[in-house]
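Proteins come first, then strands; the chains are lettered A, B, ... in the order of their sequence lines, and each starts at number 1.
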There are 2 protein chains.
Amino acid sequence: MSTRATIADVALLAGVHPGTVSRALNQKTESQVNPGTVVRVRRAAKQLGYTPNSIARGLRTSSSLTIGVIIPDLTNPIFPPIVRGIDSYLAPRGYSALIVNTDGNDDTERLLFESLVQRQVDGFIFATGHSGHALATEAYERGIRAVMVNRDSGGVPYPAVVGDDAQGIRAALVHLFGLGHRRVAHLTGPPTFSTSRVRAEAFAAVCAELGISSEVVPTAAYSVDEGQRATDQILESSSRAPTAIVAGNDLLALGAYHSLRLHGLRCPEDVSVVGFNDMPFAGDFQPAMTTVRAPHFELGAESARLLLNQIENSALTALKVVLPVQLIVRSSTAPPP
Amino acid sequence: MSTRATIADVALLAGVHPGTVSRALNQKTESQVNPGTVVRVRRAAKQLGYTPNSIARGLRTSSSLTIGVIIPDLTNPIFPPIVRGIDSYLAPRGYSALIVNTDGNDDTERLLFESLVQRQVDGFIFATGHSGHALATEAYERGIRAVMVNRDSGGVPYPAVVGDDAQGIRAALVHLFGLGHRRVAHLTGPPTFSTSRVRAEAFAAVCAELGISSEVVPTAAYSVDEGQRATDQILESSSRAPTAIVAGNDLLALGAYHSLRLHGLRCPEDVSVVGFNDMPFAGDFQPAMTTVRAPHFELGAESARLLLNQIENSALTALKVVLPVQLIVRSSTAPPP
DNA sequence: ATTCAATCTGCAATCGATTGCATTCTGTGG
DNA sequence: CCACAGAATGCAATCGATTGCAGATTGAAT
């Protein structure tokens, strides 16, 4: 790399002291320096193509303008929108997101967390539903700023930004009930995820309320394979198979599609399926998936907002923000046979 | 944040000079210090929970162990696998990726590029097909290390890592030809993308070779909407509509699905469709999409490898790496009516 | 015992920007 | 014409780690 211009070069060219250059080029301190000088410094800076070295600045100010974002897996389609939401709030404010994938592995998570701390990130956004609990507690005790997105805080006093899962499950069940379904199964994600528990509890509660006979089948992961396996289990064991399945997320629902197909059952004619999240292209599946849309982009943006609010204003922030969800009815639900 | 331990604290506790601590804790310089001292320093470091401040290190060594990754849009499903591939190579080597989205906007791209330069990234991975040309040229002249992924280098002597697009198009056409298709249309992406041009040229060449009557319809973006619009155009204008469509990517193919459906045509019975990329869940579309699988994860990993090779060894690297692609036949192709 | 080489460690400069404090300069009022 | 407030700028320490160089220590060889 050809050596970049430093603040000293600009100072030399503008005929002022480096300190003055620093002040002239900085929003907050600009008022401390003579307007004429500011112009001269700006010109010099432009002429030399000067851009501040943010590592040096970071060292002095002990802030990196960087946020660590910890997600399980970027290729899980709900995360890109969340990340973009985060970025949409951070970027205009000069912050960048450092995104890491844990693949659901706690050791990896801890390792990556430490490496981000080393990089002096100014705060964290945790999107890992899984455990992480101990880590979050520890982070909190270390005085690290953070926000949870798409999961609850699990007792740690970090703010959490979540979709209204209970409401989503309710909407799904009311929709199915309205179509005439009275036997519904729920594919619930791993109980270590807070979202799984919230959804499963809402499912049980609403079924009881509506008088729907219910069945809850746990899965080991929010994956297509597990959805398929769990649906296999339902179809092969139940004496009276359910007429509809509410899946904990769209991937599980997709697995249910696969299982139904392999069992020679049609969706929605024989069994209705409802997903959760409205992942990209959910409307292009076979059949187009009825699902609960969670506002992932907004969840991300809001979590970034809360975090920056903490960091820049040391402001107290809401401990929980719940964003509304919406049932998107497509073609995977129909009256029971 | 409770103030972190610095190298000086460790030095104090271990009863040695900070310089010695630095050497003791560093792989490459560890041999310069007495093994006994190393142990003492290590113990002291552990006791204090010391982790080096990588900003300070970065300032001194003028390297940030950070790579800038410039992509158009993370929510475009081909990018997450690329990013994960990049990360899979970087992370074990202590590097992190700083990912930014341009949304295809040149001004945004330039802005983000500069902000990453400011952050002292050690190199760039460009995944933006669009123009970027001028930017890449400029970056090269500034002595900045970079690699192109999923696009050619457009004359700039940066290495490029791409899939074998021509071979993929050939495979698609041979498949269609074998099914009996003799009139095939191609939905080509924006000509500013190198991938569009390569695919369109291969399409023309192979059609000529096989004696297929061809038609090429340009689109303004690799999007579902544009795919639909272009397909509308084909269906509404051609006197003799094609019996198959080869789309420039899966999104365009999805748009073709929509258009066909709205025109009362069935896929694959009336018109076959082939996509490109094999994006996640392409097999779950309606109908399951026949498409060319590009090895996105590997493209990402390989591009990271080339970049680090440049950075760490200043080694000359291959200027072009072409990875094989594979036609995945599913249910969107069938013999012509 | 002396010299010399090899090891190990300390010293201090350095990376580039920020910032509290001191100093200089300006214009105003007495 | 002097004093002085206030603005503008300069000075130098600082952030935390790295590293070339020099000094100290050790042991071996003569």
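Remark: P of dA17(D) and CZ of Arg119(A) are 15 Å apart, rounded to the nearest angstrom. In this entry the distance linking CD1 of Ile55(B) with P of dC15(C) reads 18 Å, nearest Å. Whole-Å rounding puts the Glu30(A) CD to dT19(C) P distance at 15 Å. The distance from atom CG of Leu59(B) to atom C1' of dT18(D) is 10 Å, rounded to the nearest whole Å. One can place CZ of Arg57(B) at 18 Å from P of dG16(C), the figure rounded to the nearest angstrom. Rounding to whole angstrom units, NZ of residue Lys28(B) and P of dT19(D) are separated by 8 Å. Atom CG in Leu25(A) sits roughly 14 Å away from atom P in dT19(C) (whole-Å rounding).
Look at Asp73(B) and Arg84(A) and you find a salt bridge, because one of the NZ, NE, NH1 or NH2 atoms lies within 4.0 Å of a carboxylate O, short of that distance. The existence of a salt bridge linking Arg119(B) and Glu114(B) is excluded, since no basic side-chain nitrogen approaches an acidic carboxylate oxygen closer than 4.0 Å.
Nucleic acid contact class of Ser22(B) (heavy atoms, under 4.0 Å, all strands): base. Contacts of Ser31(A) with the nucleic acid, taken as non-hydrogen atoms under 4.0 Å apart, involve only primed sugar atoms and P, OP1 or OP2.
At a cut-off of 3.5 Å, with distance as the only test, no side-chain donor of Arg57(A) or Gln118(B) sits close to an acceptor on the other residue. Side-chain contact check for Gln310(B) and Tyr158(B): no donor-acceptor pair (N or O, by modelled atom type) lies under 3.5 Å. Looking at Thr128(B) and Glu109(B), their side chains do bring a donor and an acceptor atom within 3.5 Å of each other.
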Exercise for review: Going 5' to 3' through nucleotides 9-14 of chain C, assign each nucleotide B (protein heavy atom under 4.0 Å from a base atom), S (under 4.0 Å only from sugar-phosphate atoms) or - (no protein heavy atom that close).
Suggested key: BBBBBB
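For the side chain to side chain contact (heavy atoms under 4.5 Å, CB included) criterion with Tyr95(A), the lone passing option out of Val121(A), Leu307(A), Leu308(A) is Leu308(A).
An OP1 or OP2 oxygen of dG16(C) is reached within less than 4.0 angstrom by no side-chain nitrogen or oxygen of Tyr50(A).
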